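What follows is a set of notes on a single structure, which appears directly below.
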There are 4 protein chains.
Amino acid sequence: MNEDSKTELTIRQHRGARRRAKTRADLLAAARKVFAKKGYHDASILDITEAADVGVGTFYLHFADKDEAFNTLIDEVFHILEEQVITEVRSHEAITLTVTVHSIFRHAYAQRDLFSIALASGAQVSRTIRVEDTIAGGLIRVFEQVPQPEDLQGYDIQLLARLVTGVIAQGIIWWFDQDEPGPEEMANNVLALLAHGLPASLFTHNN
Amino acid sequence: MNEDSKTELTIRQHRGARRRAKTRADLLAAARKVFAKKGYHDASILDITEAADVGVGTFYLHFADKDEAFNTLIDEVFHILEEQVITEVRSHEAITLTVTVHSIFRHAYAQRDLFSIALASGAQVSRTIRVEDTIAGGLIRVFEQVPQPEDLQGYDIQLLARLVTGVIAQGIIWWFDQDEPGPEEMANNVLALLAHGLPASLFTHNN
Amino acid sequence: MNEDSKTELTIRQHRGARRRAKTRADLLAAARKVFAKKGYHDASILDITEAADVGVGTFYLHFADKDEAFNTLIDEVFHILEEQVITEVRSHEAITLTVTVHSIFRHAYAQRDLFSIALASGAQVSRTIRVEDTIAGGLIRVFEQVPQPEDLQGYDIQLLARLVTGVIAQGIIWWFDQDEPGPEEMANNVLALLAHGLPASLFTHNN
Amino acid sequence: MNEDSKTELTIRQHRGARRRAKTRADLLAAARKVFAKKGYHDASILDITEAADVGVGTFYLHFADKDEAFNTLIDEVFHILEEQVITEVRSHEAITLTVTVHSIFRHAYAQRDLFSIALASGAQVSRTIRVEDTIAGGLIRVFEQVPQPEDLQGYDIQLLARLVTGVIAQGIIWWFDQDEPGPEEMANNVLALLAHGLPASLFTHNN
DNA sequence: AATGAATGAGACTTCATTCAT
DNA sequence: GATGAATGAAGTCTCATTCAT
């Protein structure tokens, strides 16, 4: 084998790899569209491959099954969320809930098609790392860096993180049906609730 | 037809009706077990009828399809929840969140198999009144009876109810995997969060 | 057993027998209505028993299965047809096709709901004596009584009877969709065709 | 993509298409056999796919349901019949019933398995263009070209065509059970009846 | 690597028939 | 004799997955 053919081989492999990557990206984009439109269960492989304009068989060259495609999609979006939130939070002097929550909603809003489907279908998909776990995990990290740890004494951190996750998730699910309010206002609503709680009069007698 | 045969007929009908009611109850109990174990989508009619120890066809004598059985189940539990919560809340001098939340968790804990499945599968079932809607609706009623309405000025009541629902739902979903803490402690955790919010230090700089 | 109870028994049996006969008649009337409306295959036992306002099980006290009910219905109508045609034909001086065909159409028109369904579904029902057989049989009897048997020499009587049956059957099927023309005119049309055939010019060149 | 791979692609497509076409043809042949043997209603999809030696699902790759397969079959045969009869009739100097009837029987005999089933099951299949309609339509066209239209005055052409169709159909149904007589003799029998009618003595008194 | 025809397990649903009351 | 709840065989149809090309 001479230099030339080696080079050619490399190029050919590159071409193949590029093409492969392109097909995979097409499939993921199509999957996202289809999942968002039909929900996890009603989306068929055929729906996805048709949307991606590839043959049915091609799907299986890239994903083992529907679960894997879905999880890949979710993971991808989540890694981006994590990275972005981490970057954004680091650019501030301190990791605060305020910054974190704003960052989460900003990102989630941009990707609300996938997020709402992930939150709605999560429990249906066997192997999925539940979306809530990721959010809860991020919150726990914030909680652990609280300047006065004694403030959280008496709280079950795990449970607390979950409950807060519930508020955030519900905010995202809200966008399932409507686009208003936008991410900043949504974050403000959530933060107001989380910071001060509800009016005391809701908890006590009224006479 | 004489009196005797009339009586006999009545008894006969009663017997038939009783048998029918029993079968229906068996089916609902089986459906509940199966849905809780497999989730809505992976539960098949055959799973349910086998668990109920009746023939496949019998299912269709009582329900039009899987959806109807699921909805019946959910509706049933929800009507009981609503009634119970309303009764319990009324027995107190005032409708407060404290009482409401305790009542919800107490009931939901007792029925946690169904509740977690309802919260997890809700979006999958076409006609279902989403569980969250019911909870949010109840909360709105509480909000509207707040003694000082000015306390809630500036809040979007609908959204607020949803966010609070998120906390409560997440508390119930927590029981999907574990039984601890029990309903009273769970309610206390949730109420603490809702009453005072999180420590201020989580929202501010730490220098 | 004394005379009285014997008498009572007889009466009771009579009552039972009468009731039984009534139920059976109800079922047959219902079956006729349902078959006419839905056709043989789409008619279900439940359809019939509901129309007859009896329990499903009752059907099986009177008929072995759907086939038997259908055949009974057909047979009944046919025996009446046969009897009526025979009586009517006998009242004339000679058995002629003219009289026979008129008689058939008159009777078939009165029962056209059943006849059309019998002619349309006949082949679907396994054991059915095909309606056409009955008609053809009647025709053969007429043919055999022809005053100058030599007139029919060279004909395959069986086949001929069948072909003529085809014309008659088609006349009855015509009433499947419409009620016009009535039986007498229909008979005249058929007889015209059978008596003289079609215009010769249809069979020959036209130059 | 270079010339070579284009060619290859073409071949590949051709291969796939050829396989597909073969499977479809197998299915139609099997359907024909099964329908002829069991009748429309008693033929199941499984019967057909087993006869065609393909998987159940394959059936649905080619036909939406049983109806569509049946109609396809009927349509196919009918188009061939129509074309063939038209061609054959045109090759003669004039369109006469003689030629038409011979042509119909010749073709119907060759396809008698399908024809008898089509004539027997026609009314059972929802969307089917009833076979009789096609025959009657053809006859009407012949009638309309009769050289002396006054010959048909006083006839209801529609009804007449139907009645004649009845004769022809009955001739074809005759072959349901037996193969004799062949098409030419059958046509002669039918034409004899249609040309001259039955002996006058059948219609009149015998003294 | 891509294709798409074929596969068949499995889910749903209907309905003739039985049988305890 | 009448009833109707229950049965389950049998049929329809879908769709994830395979594999020859």
Side-chain angles (χ1 to χ4, degrees), chain A residues 15-17 19-20 22-24 42-50 54-62 64-67, chain B residues 5 8-9 11-24 41-47 49 53-62 64-66, chain C residues 12-13 15-17 19-20 22-24 42-50 54-67, chain D residues 5 8-9 11-24 41-47 49 53-66:
Chain A
R15 267 195 204 130
R19 186 180 180 189
R20 184 177 160 81
K22 165 87 169 60
T23 302
R24 184 187 157 94
D42 289 348
S44 75
I45 305 292
L46 195 68
D47 287 334
I48 295 172
T49 53
E50 272 175 357
V54 300
V56 222
T58 308
F59 180 90
Y60 291 91
L61 295 174
H62 294 276
D65 52 24
K66 192 160 70 156
D67 261 38
Chain B
S5 60
E8 208 198 318
L9 184 66
I11 290 169
R12 224 187 291 141
Q13 284 179 334
H14 278 183
R15 274 202 196 116
R18 225 168 0 195
R19 185 180 180 192
R20 189 180 159 83
K22 195 209 179 268
T23 303
R24 186 188 156 93
H41 256 289
D42 288 349
S44 76
I45 306 292
L46 196 68
D47 288 335
T49 53
D53 199 30
V54 299
V56 226
T58 306
F59 180 90
Y60 293 93
L61 246 44
H62 294 275
D65 51 24
K66 195 162 63 158
Chain C
R12 224 188 289 141
Q13 284 179 333
R15 264 195 207 130
R19 186 180 179 186
R20 185 176 160 82
K22 163 87 169 64
T23 303
R24 184 187 158 94
D42 288 348
S44 74
I45 305 291
L46 195 67
D47 287 334
I48 295 171
T49 54
E50 273 175 358
V54 300
V56 222
T58 306
F59 180 90
Y60 290 92
L61 295 174
H62 295 276
F63 307 102
D65 52 25
K66 192 160 69 155
D67 262 38
Chain D
S5 59
E8 206 198 319
L9 184 65
I11 289 169
R12 226 187 290 144
Q13 285 179 333
H14 277 183
R15 274 199 197 120
R18 224 168 0 197
R19 187 182 179 193
R20 189 180 159 83
K22 193 206 179 271
T23 303
R24 186 187 157 92
H41 256 288
D42 288 348
S44 76
I45 306 292
L46 196 67
D47 286 336
T49 54
D53 199 31
V54 300
V56 222
T58 306
F59 179 90
Y60 292 93
L61 247 43
H62 295 275
F63 308 101
D65 51 24
K66 196 162 66 158

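Small disclaimer: the values here were computed from a predicted structure and weren't measured. Here is the naming used below: chain letters follow the sequence lines, and residue numbers restart at 1 for every chain.
Note: NZ (Lys22(B)) to P (dA20(E)) measures 17 Å, nearest angstrom. Here the P atom of nucleotide dA5(F) and the CZ atom of Arg18(B) are 14 Å apart, to the nearest Å. Residue Arg24(C) contributes atom CZ, which lies 12 Å from atom P of dA2(F) at whole-angstrom precision. A straight line from CZ of Arg20(D) to P of dT21(F) spans 18 Å, rounded to a whole angstrom. Across the protein-nucleic acid pair, Phe63(C) atom CZ and dA2(F) atom P stand 12 Å apart, rounded to whole Å. Atom pair His41(B):NE2 and dT14(F):P shows a separation of 16 Å (rounding to whole Å applied). In this structure, the CG atom of Asp67(C) is 14 Å from the C1' atom of dT17(E), given to the nearest Å. One atom, CD of Glu50(C), and another, P of dA16(E), lie 12 Å apart when rounded to the nearest Å.
Along DNA chain E, the nucleotide nearest to Ala43(B) and the one nearest to His62(D) differ in position, and the one closer to the 5' end is contacted by His62(D).
Here the closest non-hydrogen pair linking Thr49(B) and Phe59(B) is CG2-CB, 3.6 Å. Here the closest heavy-atom approach between residue Ile45(B) and residue Tyr60(B) is recorded as CG1-OH, 3.6 Å.
Neither OP1 nor OP2 of dA5(E) sits under 4.0 Å from any side-chain N or O of Arg19(D).
When Leu61(A), Thr23(A), Ile48(A) are each tested for a side-chain contact (heavy atoms from CB on, under 4.5 Å) with Val54(A), only one passes: Thr23(A).
Across all strands shown, Thr23(A) has heavy atoms under 4.0 Å from sugar-phosphate atoms exclusively, and none from any base.
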N/O to N/O distances under 3.5 Å, protein versus nucleotides 13-15 of chain E:
residue: dT13(E); atom: OP2; partner: Tyr60(B); partner atom: OH; Å: 3.0

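Figure legend. dT13(E) is base-paired to dA10(F); pairs are counted as Watson-Crick or G-U wobble with both atom distances under 3.5 Å. When both pairing distances are held under 3.5 Å, dA1(E) makes no Watson-Crick or G-U pair with any nucleotide shown. dT21(E) is paired with dA2(F) under the Watson-Crick or G-U wobble criterion, all donor-acceptor distances under 3.5 Å.
Taking CZ of Arg24(C) as the reference point, atom OG1 of Thr58(C) lies at 14.0 Å (rounded to 0.5 Å). Expressed to the nearest 0.5 Å, how far NZ of Lys66(D) lies from CG of Asp47(D) amounts to 8.5 Å.
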